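In what follows, a structure is listed as structure tokens, so that the remarks can point back to it.
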Protein chains: 2
Amino acid sequence: MNNIKDTRQRIIEVAKTRFHNRSYADVGIKEICDMASIQKGSFYHFFPSKRDLVVAVIDEFAIDWANGFVAEAFDPALPPMDRIDYVIDAAYYWQKSNKDLNGHIPGCLFGNLALEISTQDDVLRAKLNAVFTSAKDRFRDTLDEAVEQGIIDPLDSDATAAAMLAYLEGLILLAKAENDPEVIYRLGSALKKIRIELNKH
Amino acid sequence: MNNIKDTRQRIIEVAKTRFHNRSYADVGIKEICDMASIQKGSFYHFFPSKRDLVVAVIDEFAIDWANGFVAEAFDPALPPMDRIDYVIDAAYYWQKSNKDLNGHIPGCLFGNLALEISTQDDVLRAKLNAVFTSAKDRFRDTLDEAVEQGIIDPLDSDATAAAMLAYLEGLILLAKAENDPEVIYRLGSALKKIRIELNKH
DNA sequence: ATGATAATTGACCGGCCGGTCAAATGCAAG
DNA sequence: CTTGCATTTGACCGGCCGGTCAATTATCAT
């Protein structure tokens with residue numbers, strides 16, 4: 001009687017959920033093992049250390065995020081600037097549904113980890129930063145498309161994209177602090193209006 | 001030979017710095033005691049628990065923040081909308097100087113703590129949220145002043161203020177993930193252009 | 001069937017965690 | 001000088017932390 005998912009995968013998924021809803025430091029190996037119904041030795045068969053686990057979690061869910069939430073939000077069927085509104089919707093519903101389940105807003109896994117461990121582990125920091133960069137690139141491509149189509153005026157699309165991502169992360173942070181997903185909705189309309197102009201030299 | 005500062009104050013300040021540069025969970029009582037040159041029993045004479053310490057840290061530095069960084073940034077001698085640019089400057093120099101000293105960007109103490117413990121302790125979460133609310137109020141008052149003076153069009157000043165705070169926290173988050181204070185500078189110009197319009201019913 | 005390897009078990013480790021306590025000391029008021 | 005309280009000391013606690021290991025069991029290619 002094999003388990004549906006293989007052990008390694010189950011560990012990663014349990015860890016991801018726990019890290020996301022609490023914090024890296026607060027979730028212990030023991031707890032992860034219990035939740036994955038395995039023994040500690042088995043955990044260390046797959047991961048040399050807790051740090052290697054969080055690396056795997058980040059790697060795995062960076063892809064999931066890019067291909068899931070982000071890809072879905074940046075639906076190419078929508079007009080470019082509508083996609084940006086759609087990001088807000090996606091973020092809102094994600095946080096909302098999680099609150100309905102657990103009673104609190106987990107925030108963004110990557111944002112949480114970035115603030116918790118950026119100063120303590122430069123490799124993890126760089127990994128998290130890469131996740132943000134690729135999300136920013138999605139925004140940038142969308143903006144470039146909008147410029148091409150003449151929907152918006154030319155702008156510094158890379159900087160604007162980064163600014164939009166910053167605003168999104170900030171919204172989620174504030175929503176988490178208020179434990180109210182409505183914050184995202186209430187303030188979301190400003191996202192697509194952010195503009196950073198091209199430098200003129 | 002008494003110490004310059006009394007013990008309780010020294011504990012709070014050591015803890016504040018450590019929490020800010022690392023994380024709540026990562027910094028132990030023992031370490032705080034060592035850095036404050038006291039024994040554990042002395043610590044527990046002043047604080048019933050670690051949690052009570054972080055409450056004191058938040059309380060104390062919420063005031064410091066409001067009267068220090070925030071008050072300084074919102075310099076009433078400046079035209080209202082210039083103050084908002086000044087907030088960016090203040091945030092930039094603060095993070096920059098800290099990086100020059102420690103090699104990394106600590107981010108915002110309140111943002112860090114909010115993401116780390118909001119889901120785990122509702123009282124702390126509410127405390128952090130109150131800090132954000134009072135910062136938001138500063139933005140709002142500034143916006144109201146600008147509207148009064150006819151510098152900007154009427155707007156939903158409360159929502160816009162919250163949006164500005166979100167953006168600021170997002171900038172700091174991204175800068176921390178990139179470990180580069182220049183992010184704040186590069187994207188800062190968009191802060192004062194954020195607008196959320198009044199609802200029309 | 002056999003042998004190698006992958007996976008799993010469960011007991012174990014040193015060390016650190018937050019927290020406690022009785023005893024000693026500092027200090028100030030009477 | 002004494003009383004009484006605030007402060008500080010340093011040893012101590014149980015429990016959990018991340019991590020190890022030898023032994024067992026499942027898997028699979030030959």
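Chain naming here is simple, since letters A, B, ... match the order of the sequence lines and numbering starts at 1 in each. FYI, side chains are in, hydrogens and waters are out, and symmetry mates aren't considered; it's all heavy atoms of this structure. As the structure is a prediction and not an experimental result, all values here were calculated from the model.
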#### Entry: Structure string for DNA chain D in dot-bracket form, Watson-Crick and G-U at under 3.5 Å, | interchain
||||||||||||||||||||||||||||||
Can you check nucleotides 4-8 of chain C for protein contacts, nitrogen or oxygen pairs under 3.5 Å, and list what you find?
unit_1: C:dA7; atom_1: OP2; unit_2: A:H45; atom_2: NE2; d: 3.0
unit_1: C:dT8; atom_1: OP1; unit_2: A:T7; atom_2: OG1; d: 2.9
unit_1: C:dT8; atom_1: OP2; unit_2: A:T7; atom_2: OG1; d: 3.0

### Message
Whether the side chain of A:K40 and the base of C:dG10 hold a donor-acceptor pair under 3.5 Å is what I'd like checked.
### Response
no
### Message
Just N and O in the side chain of B:Y44: are any of them under 4.0 Å from OP1 or OP2 of C:dT20?
### Response
no
### Message
Here's one to test your reading of the geometry: is the NZ or CZ of B:K50 within 45 degrees of the ring axis of B:Y24 and under 6.0 Å from its centre?
### Response
yes
### Query
Shortest non-hydrogen contact from A:R195 to A:M81?
NH2-CE, 4.0 Å
### Aromatic ring proximity, centroids under 6.0 angstrom, B:H20 and B:W65
no
### Minimal non-hydrogen separation, A:R8 against A:F47, with atom names
NH1-CE2, 3.5 Å
### d(NZ, A:K30; P, D:dG19) in whole Å
16 Å
#### Entry: Donor-acceptor under 3.5 Å (A:R140 side chain, A:D158 main chain)
no
### Message
Counting the benzene-type ring for Trp, do A:F110 and A:F61 have ring centres under 6.0 Å apart?
### Response
no
### Between D:dG19 (P) and A:I32 (CD1): distance, integer Å
11 Å
### Whole-Å distance separating the CD1 atom of A:I29 from the P atom of C:dC12
21 Å
### Task
Provide, to the nearest angstrom, the distance between the CG atom belonging to B:D26 and the C1' atom belonging to D:dG18.
13 Å
## Note on the structure
Closest non-hydrogen atoms of B:V131 and B:A62, given as atom of the first, atom of the second and distance, are CG2-CB, 3.6 Å
## Note on the structure
A:K50 NZ to C:dG15 P, in whole Å, measures 20 Å
### Task
In whole angstrom, give the distance that lies between atom CG of A:D6 and atom C1' of D:dT27.
14 Å
### Query
Starting at CZ of B:F47 and ending at P of C:dG18, how long is that distance when rounded to a whole Å?
15 Å
### Query
Got a salt bridge between A:R125 and A:D122, using NZ or NE/NH1/NH2 to carboxylate O under 4.0 Å?
yes
#### Entry: Residue whose closest nucleotide on DNA chain C lies nearer the 5' end, A:F43 versus B:V27
A:F43
### Query
CG of B:D52 versus C1' of C:dG19: gap in Å, rounded?
12 Å
### Task
For A:S134 and A:D137, test the side chains for any donor-to-acceptor distance below 3.5 angstrom and give the result as yes or no.
no
